[in-house]
Amino acid sequence: GSDWCWWYGDDHSSDNDAVFDALFRKHLKNVYQLINQPVPKQLDVPIKKIGAIRPIKEPTYLIYPILDGELTNYFEWLAAGYFDFAGAKGAMHQVETILQGIYYGFSLESLYLRFEVGFSLDIDEAKEFSFGCYIISPHHYKAELSFDDQARKYRLDLEGKELDTFGLKRIIEVGIKFADLQVKAGDKVEFQVFAARKGLEVEKWPRGGVFSLTVPADNYAEEQWSV
């Protein structure tokens, strides 16, 4: 009854908004089916809209980080966007988060992510964790960096395709070519990042929304200088 509608309030947002929304609409569809009435097409459309979350700092220019898992130099992530997860709030309040923050940016060819985590990546326990991103739009993809116990090394997987564009030492750095995401200049890419432990997702950010960026055109640099 009323409790279902109550949970749609912004003050009760959580990582499970999309699942809750789908379940709520499924229950409503079942009502129509039980009374032998056609199910309204509107119930196929999510009620809770996922919007772009404004980061603390948005990307300001092209970046070309060296993906070695180190803070190689001061400038390589300087133009990237940044979101601090410690300041984010939702219905499911966490005292401590695994992911502390995310830097994200782009070159003409690739999307770049830098994961800040709340523990040392040198310890064996760190191998239980995996990190990655969900590409929500314009196409759905999942990229995940995890430790392969058999191969005794980390692997970056993009829907079954193994990528070598990552570094993991003091920090985690990942690069994904726009071509592998089947996007072109002018496309808006929306994504979320996550952390999992032993195959089970434990965090997804940003809560109740997505990060967003636009794939740059070849003349991006010239356009920035002319503004």
Side-chain angles (χ1 to χ4, degrees), residues 55-86 97-136 141-183 189-206 210-213 215-216 220:
I56 292 176
K57 176 178 176 289
E58 295 190 8
T60 58
Y61 198 65
L62 303 173
I63 63 173
Y64 295 92
I66 299 171
L67 304 179
D68 57 2
E70 300 280 2
L71 295 172
T72 307
N73 64 68
Y74 172 75
F75 298 100
E76 65 175 353
W77 290 95
L78 186 61
Y82 178 70
F83 190 91
D84 178 15
F85 299 141
T97 61
I98 294 168
L99 291 173
Q100 302 291 295
I102 185 77
Y103 287 84
Y104 67 96
F106 51 85
S107 66
L108 293 179
E109 300 85 16
S110 300
L111 164 68
Y112 293 107
L113 303 172
R114 170 180 154 189
F115 296 84
E116 303 285 303
V117 299
F119 53 84
S120 172
L121 295 168
D122 291 331
I123 62 176
D124 287 338
E125 187 180 2
K127 296 181 174 64
E128 298 178 356
F129 291 88
S130 61
F131 304 91
C133 69
Y134 296 110
I135 304 298
I136 308 298
Y141 283 93
K142 178 182 179 182
E144 185 169 16
L145 177 64
S146 60
F147 187 77
D148 186 328
D149 287 320
Q150 293 185 340
R152 303 302 300 169
K153 68 176 184 177
Y154 282 93
R155 294 183 183 275
L156 176 59
D157 177 83
L158 178 68
E159 300 293 342
K161 179 178 182 179
E162 186 173 347
L163 307 179
D164 60 3
T165 48
F166 70 91
L168 188 151
K169 289 182 182 177
R170 293 175 57 196
I171 58 175
I172 301 169
E173 297 175 300
V174 170
I176 306 172
K177 291 187 178 299
F178 289 130
D180 287 332
L181 300 177
Q182 298 185 54
V183 294
V189 177
E190 297 180 332
F191 63 96
Q192 298 171 315
V193 296
F194 69 88
R197 186 174 191 179
K198 296 181 178 180
L200 298 176
E201 184 181 295
V202 291
E203 287 182 13
K204 183 166 63 178
W205 299 94
V210 294
F211 296 117
S212 177
L213 58 82
V215 179
Y220 177 87

Search all heavy atoms of [X] against all heavy atoms of [Y] and return the closest pair with its distance.
{"X": "F178", "Y": "L108", "answer": "CD1-O, 3.8 Å"}
{"X": "Y112", "Y": "I63", "answer": "CE1-O, 3.6 Å"}
{"X": "L158", "Y": "A143", "answer": "CD1-CB, 3.9 Å"}
{"X": "D84", "Y": "Q100", "answer": "OD1-O, 3.3 Å"}
{"X": "A195", "Y": "I98", "answer": "CB-CG2, 4.2 Å"}
{"X": "P216", "Y": "S107", "answer": "CG-O, 3.3 Å"}

Could you give the distance from CD (E173) to OG1 (T165), rounded to the nearest 0.5 Å?
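Here the rounded value is 11.5 Å.
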Show, in sequence, the C-alpha distance, side-chain angles and deciding distance for K161 and E159, and conclude whether the side chain to side chain contact (heavy atoms under 4.5 Å, CB included) test is met.
CA-CA 6 Å; K161 179 178 182 179; E159 300 293 342; over 6 Å; no
Under 3.5 Å donor-acceptor, [X] side chain and [Y] backbone:
{"X": "E128", "Y": "K198", "result": "no"}
{"X": "Q192", "Y": "V210", "result": "no"}
{"X": "E144", "Y": "S130", "result": "no"}

NZ/NE/NH1/NH2 to OD/OE distance under 4.0 Å, R197 and E203:
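Salt bridge flag = no for E203 with R197.
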Note: R114-E116 ion pair, threshold 4.0 Å (strictly below):
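Answer for the salt bridge query: yes.
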Side chain proximity check, [X] to [Y], heavy atoms < 4.5 angstrom:
{"X": "F115", "Y": "I102", "answer": "yes"}
{"X": "L111", "Y": "I135", "answer": "yes"}
{"X": "D157", "Y": "L163", "answer": "no"}
{"X": "V174", "Y": "C133", "answer": "no"}

Check: Y220 ring centre within less than 6.0 Å of F106 ring centre
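Aromatic pair counts; centres sit under 6.0 Å.
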Ring centres of F166 and Y154 under 6.0 Å apart?
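F166 vs Y154: aromatic centres not under 6.0 Å.
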Criterion side chain to side chain contact (heavy atoms under 4.5 Å, CB included) against Y82, the qualifying member of W77, Y103, Y104
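Exactly one candidate clears the test, Y103.
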Please determine whether the number of non-hydrogen atoms from other residues, nucleotides or ligands lying under 6.0 Å from atom CG of N73 exceeds 12.
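Atom CG in N73 is packed in, count exceeds 12.
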If you count the non-hydrogen atoms of other residues, nucleotides and ligands that lie under 6.0 Å from NZ in K127, is the total more than 12?
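Counting neighbours around NZ of K127, more than 12 heavy atoms of other residues, nucleotides or ligands fall under 6.0 Å, so yes.
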Trace of the side chain to side chain contact (heavy atoms under 4.5 Å, CB included) decision for F129 with L121:
CA-CA 10 Å; F129 291 88; L121 295 168; over 6 Å; no
Please list all pairs meeting salt bridge (charged side-chain N to carboxylate O under 4.0 Å, His left out) that have one or both residues in residues 55-66, counting only residues at least two apart or in different chains.
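Output for this query lists R54-E58.
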Under the side chain to side chain contact (heavy atoms under 4.5 Å, CB included) criterion, do V193 and F131 qualify, and how do the steps go?
CA-CA 8 Å; V193 296; F131 304 91; over 6 Å; no
Can you find a side-chain donor-acceptor pair between E201 and Y134 that sits under 3.5 Å?
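Per modelled atom types, E201 and Y134 side chains form a pair under 3.5 Å.
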Mind running side chain to side chain contact (heavy atoms under 4.5 Å, CB included) on Y61 and L78 for me, showing each step along the way?
CA-CA 9 Å; Y61 198 65; L78 186 61; over 6 Å; no
Report the relative orientation of the aromatic rings in F83 and F211; use parallel for angles under 30°, tilted for 30 to 60°, perpendicular for over 60°.
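F83 vs F211 ring planes: perpendicular.
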